[in-house]
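Predicted, not measured: the structure shown is a model, and the values here were computed from it. Starting from 1, each residue takes its place in the sequence as its number.
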Amino acid sequence: MKVETLLPVEVDFQRERASGLRRSGDSLEKALDALSRSERELRASSGLSRVERYAGYRALWKEAERLRWNLTVQREACGLRNHRDLDLIYPLPPLLRE
């Protein structure tokens with residue numbers, strides 16, 4: 001098999017990898033936005049309202065953590081080993097305490 005025959009297939013693979021990374025990044029960005037809104041609402045609440053909102057906030061935080069882990073694993077599968085830029089682009093805030 002000639003190299004010229006494999007090149008278009010490799011280009012398609014690279015496009016799919018990039019597309020997958022973009023989708024994962026978009027999902028994480030949406031989750032972080034929802035988490036930020038939830039955190040603002042949680043900080044503004046008190047008493048029973050705060051207790052009720054905390055469960056939703058914690059679920060959003062866990063989902064953002066999972067999506068970030070997925071993106072990290074996906075990047076590693078694509079050969080990207082340095083993840084410091086993820087901290088800059090998709091910062092995951094520390095989990096607030098009840």
(message) Do the side chains of Glu39 and Arg58 get close enough for a salt bridge, i.e. N-O under 4.0 angstrom?
(response)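 Here Glu39 does not pair with Arg58 in a salt bridge, since their nearest N and O are not under 4.0 Å apart.
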
(message) I'd like to know if Arg68 and Glu65 make a salt bridge, using a cut-off of under 4.0 Å between side-chain N and carboxylate O.
(response)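 No.
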
Quick check: does any side chain N or O of [X] sit under 3.5 Å from a backbone N or O of [Y], one acting as donor and the other as acceptor?
X: Arg75; Y: Arg81; value: no
X: Ser24; Y: Gly20; value: yes
X: Tyr57; Y: Leu96; value: yes

Which distance, rounded to the nearest 0.5 Å, do you find between the [atom1] of [X] and the [atom2] of [Y]?
X: Leu86; Y: Leu80; atom1: CG; atom2: CG; value: 9.0 Å
X: Glu52; Y: Leu42; atom1: CD; atom2: CG; value: 11.5 Å
X: Gln74; Y: Arg23; atom1: CD; atom2: CZ; value: 7.5 Å
X: Trp61; Y: Leu92; atom1: CH2; atom2: CG; value: 5.0 Å
X: Leu95; Y: Tyr54; atom1: CG; atom2: OH; value: 4.0 Å
X: Ser27; Y: Arg66; atom1: OG; atom2: CZ; value: 9.0 Å

(request) Please report the C-alpha distance between Arg15 and Asp12 in whole Å, then the side-chain angles of each, then the deciding distance to 0.1 Å, and finally whether the salt bridge (charged side-chain N to carboxylate O under 4.0 Å, His left out) criterion is met. (result) CA-CA 5 Å; Arg15 264 194 209 116; Asp12 285 342; 3.3 Å; yes

(request) Indicate, with yes or no, if Leu28 and Trp69 share a hydrophobic cluster defined by side-chain heavy-atom contacts under 4.5 Å among Ile, Leu, Val, Met, Phe, Trp and Tyr. (result)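 No, Trp69 does not connect to Leu28 through the hydrophobic network.
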
For [X] and [Y], which heavy atoms make the closest approach, and how far apart are they?
X: Leu67; Y: Ala31; result: CD1-CB, 3.6 Å
X: Ala64; Y: Leu32; result: CB-CD2, 4.0 Å
X: Leu60; Y: Ser38; result: CD1-CB, 3.5 Å

(request) State, with a plain yes or no, whether a side-chain heavy atom of Arg17 is found less than 4.5 Å away from one of Gln14. (result)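 Of all side-chain heavy-atom pairs linking Gln14 with Arg17, at least one is under 4.5 Å.
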
